[in-house]
Engineer: 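Below you will find the structure I want to go over with you.
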Amino acid sequence: MPELAEVEFIRKRWNPGIGHFVTGVRLHPRSRIFKTCDPAELVRLLPGARLDSSAAAAKQMLFRLTAADATPLWLGLHLGMTGELSTRPAGLPDTRAEHLILDQTTATQSLVFADFRMFGRVQFQSGPDTPAWWSCIAPAVTSSAFTLSAVNEFFQRRARTPLKAALLMQERFPGIGNWMADEILWRAALHPARRCGDLSPLEVKKIHRETIWVATEALAITGETFADPPASWLFQHRWKDGGICPRTKKPLERATIGGRTTCWSPARQKLA
DNA sequence: TCCTATGTTGTATG
DNA sequence: ACATACAACATAGG
């Protein structure tokens, strides 16, 4: 289920491990999860390392560790569609969907990364330099680098792309996923199939403003407590058959747009 | 049996 | 080279 705010919350599930040392690593090296790293490196370098801190950016998480010989270690996790982090008492056997387990004897606990669909990813790098897979993430939509002109430029270049598909592009809307994209378009009162190049300057401004608003609120609610947003959000209505728009009180519609199931309020979001 | 799923990416086409 | 569209990935649940 992870988009921006869920990732921020799930990242903190490993907080109990911060300051503690890794005593053992268990993983399933043949899993697709490890396609973009070398599982042998994890096994070689993580034991003896101390977990120092973590951070989230877009839909990715970074765990910073220091190896026994003081080498900085960078562990990156992407939750894909069904990834989860948890902690549990150390020494318990792993199950099939658990791909990476860091045992921490000091804290008598294990840090677990599970993902049954295996769309998630593990990245790993050692040394002082920030890994490219972390530094290349686009600046957050809640940062000052997410400017109106950047969105304008992006929409010009993607002139024929439906708005819904554009909002899912991580290079410009990092951390936005399917439900946040629908929420943004609903608040901006723009039909998800509108083409990026056809928007008026005011309409682009609405997208820009609502993107920042939805991300900020979602981080404050879901990112802090894992609670769902309130009933005044489209979020609460978009999956239900026969869902009603909380603003117009008229029926919501669902269709595949930009390759993803999309929900919108026809009374509020018009094509023309 | 068939369809869906809060994600990304490789590949084909224009 | 660049933009666009979509199948493919793997598994569970309705």
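Note that this is a predicted model, so its numbers are computed, not measured. Atom set for the values below is all heavy atoms of this structure, side chains included, hydrogens, waters and symmetry mates excluded. So you know, we letter chains A, B, ... as the sequences are listed, proteins then strands, and number each from 1.
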Engineer: Which other residues end up in the same hydrophobic cluster as Leu234(A), if Ile, Leu, Val, Met, Phe, Trp and Tyr are linked when side-chain heavy atoms come under 4.5 Å apart?
Structural biologist: Trp186(A), Leu252(A)
Engineer: Salt bridge between Lys12(A) and Glu224(A), side-chain N to carboxylate O under 4.0 Å?
Structural biologist: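 Glu224(A) and Lys12(A): salt-bridged.
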Engineer: Keeping to residues at least two apart or across chains, list the side chain to side chain donor-acceptor pair (under 3.5 Å) pairs with something in residues 131-140 of chain A.
Structural biologist: none
Engineer: Under 4.0 Å between any heavy atoms, over every strand shown, what does Arg157(A) touch: base, sugar-phosphate, or nothing? Just pick one.
Structural biologist: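 Arg157(A): backbone/sugar contact only, no base atoms under 4.0 Å.
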Engineer: Can you list the other members of the hydrophobic cluster that holds Phe116(A), where links are side-chain heavy atoms under 4.5 angstrom apart?
Structural biologist: none
Engineer: Counting the atoms with a prime plus P, OP1 and OP2 as sugar-phosphate, which does Arg195(A) contact under 4.0 Å by heavy atoms, base, sugar-phosphate, or nothing?
Structural biologist: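 If one applies the 4.0 Å heavy-atom cut-off, Arg195(A) turns out to touch the sugar-phosphate alone, with no base involved.
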Engineer: Starting at atom NZ of Lys240(A), determine the distance to atom C1' of dT4(B), rounded to an integer number of angstrom.
Structural biologist: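 After rounding, the reported distance stands at 18 Å.
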Engineer: With sequence neighbours left out, which residue pairs that include part of residues 59-76 of chain A fulfil the side chain to side chain donor-acceptor pair (under 3.5 Å) condition?
Structural biologist: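 As it turns out, the side chain to side chain donor-acceptor pair (under 3.5 Å) pairs with a partner in residues 59-76 of chain A, which skip direct neighbours, are Asp52(A)-Thr66(A), Asp69(A)-Thr71(A).
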Engineer: Could you give the distance separating dA7(C) and dC3(B) at their P atoms, to the nearest angstrom?
Structural biologist: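 Comparing P positions in dC3(B) and dA7(C) gives a spacing of 13 Å.
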Engineer: Hey, mind stepping through Phe34(A) and His28(A) against ring pair (Phe, Tyr, Trp, His ring centres under 6.0 Å) and telling me if it holds?
Structural biologist: CA-CA 9 Å; Phe34(A) 299 105; His28(A) 302 157; 8.3 Å; no
Engineer: Take the protein atom CD of Glu6(A) and the nucleotide atom C1' of dG7(B), then report the distance between them rounded to whole Å.
Structural biologist: 13 Å
Engineer: Please check if the distance between the ring centroids of His78(A) and Phe119(A) is under 6.0 Å.
Structural biologist: no
Engineer: Looking at residues at least two apart in the chain, or sitting in another chain, which of them share a side chain to side chain contact (heavy atoms under 4.5 Å, CB included) with Pro266(A)?
Structural biologist: Glu253(A), Trp264(A)
Engineer: May I ask you to verify if any side-chain N or O of Gln170(A) is less than 4.0 angstrom from the OP1 or OP2 atom of dG7(B)?
Structural biologist: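 No, outside the criterion.
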Engineer: Between dT4(B) and dC6(C), how far is it from one P atom to the other, in whole Å?
Structural biologist: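 The answer is 15 Å between these two P atoms.
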Engineer: Got a sec, which residues hit salt bridge (charged side-chain N to carboxylate O under 4.0 Å, His left out) with Glu217(A), two or more places apart in sequence or on another chain?
Structural biologist: none
Engineer: Of all nucleotides in DNA chain C that come within under 4.0 Å of a heavy atom of chain A, which is furthest toward the 5' end and which toward the 3' end?
Structural biologist: dA3(C) to dA12(C)
Engineer: Can you list everything that forms a salt bridge (charged side-chain N to carboxylate O under 4.0 Å, His left out) with Arg11(A)? Sequence neighbours excluded, please.
Structural biologist: Glu8(A)
Engineer: Using atom CE of Met169(A) as one end and atom C1' of dG7(B) as the other, report the distance to the nearest whole Å.
Structural biologist: 14 Å
Engineer: Touch check for Ala159(A), heavy atoms < 4.0 angstrom, all strands: base, sugar-phosphate only, or nothing?
Structural biologist: sugar-phosphate
Engineer: What's the CH2-P distance between Trp233(A) and dT6(B), to the nearest Å?
Structural biologist: 17 Å
Engineer: What parts of residues 28-38 of chain A reach DNA chain B, counting only heavy atoms under 4.0 Å away?
Structural biologist: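 Within this stretch, nothing sits under 4.0 Å of the strand.
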Engineer: Provide, to the nearest angstrom, the distance between the CE atom belonging to Met118(A) and the C1' atom belonging to dA5(B).
Structural biologist: 16 Å
Engineer: State which residues pass salt bridge (charged side-chain N to carboxylate O under 4.0 Å, His left out) with Arg172(A); sequence neighbours excluded, sorted by chain then number.
Structural biologist: none
Engineer: Write out the stems for DNA chain B, ordered by first number and formatted as range with range, counting runs of at least 3 consecutive Watson-Crick or G-U wobble pairs under 3.5 Å.
Structural biologist: B:2-5 with C:11-14, B:7-14 with C:2-9
Engineer: Whole angstrom is fine here: how far is it from CZ in Arg160(A) over to C1' in dG14(B)?
Structural biologist: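 In whole Å, dG14(B) C1' lies 12 Å from Arg160(A) CZ.
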Engineer: Give one of base, sugar-phosphate or nothing for Arg238(A), where a contact means two heavy atoms less than 4.0 Å apart.
Structural biologist: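 No contact.
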Engineer: Is the phosphate of dA5(B), meaning OP1 or OP2, less than 4.0 Å from a side-chain N or O of Arg117(A)?
Structural biologist: no
Engineer: Rest of the hydrophobic cluster containing Val112(A) (Ile/Leu/Val/Met/Phe/Trp/Tyr, side-chain heavy atoms under 4.5 Å)?
Structural biologist: Ile101(A)
Engineer: Gly177(A) near the nucleic acid: base, sugar-phosphate alone, or nothing, with a heavy-atom cut-off under 4.0 Å?
Structural biologist: sugar-phosphate
Engineer: With respect to the phosphate group of dA5(B), does any side-chain polar atom (N or O) of Thr261(A) fall under 4.0 Å of OP1 or OP2?
Structural biologist: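 Answer is yes, contact under 4.0 Å.
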Engineer: Respond yes when some side-chain nitrogen or oxygen of Lys59(A) is under 4.0 Å from OP1 or OP2 of dT8(B), and no when none is.
Structural biologist: yes
Engineer: Could you check how far CD of Gln60(A) sits from C1' of dG7(B), rounded to whole Å?
Structural biologist: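 It is 11 Å, rounded to the nearest whole Å.
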Engineer: Think His78(A) has a side-chain N or O under 4.0 angstrom from the OP1 or OP2 of dT8(B)?
Structural biologist: yes
Engineer: Assess whether a salt bridge exists between Glu41(A) and Arg44(A), defined as any Lys/Arg side-chain N lying under 4.0 Å from an Asp/Glu carboxylate O.
Structural biologist: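 A salt bridge links Glu41(A) with Arg44(A).
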Engineer: Using the P atoms only, state how far dG13(C) lies from dT8(B), rounded to an integer number of Å.
Structural biologist: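 Going atom to atom, P in each nucleotide, I get 23 Å.
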Engineer: Between C1' on dT9(B) and CZ on Phe119(A), what's the gap in Å once rounded to a whole number?
Structural biologist: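 Distance, rounded to whole Å: 11 Å.
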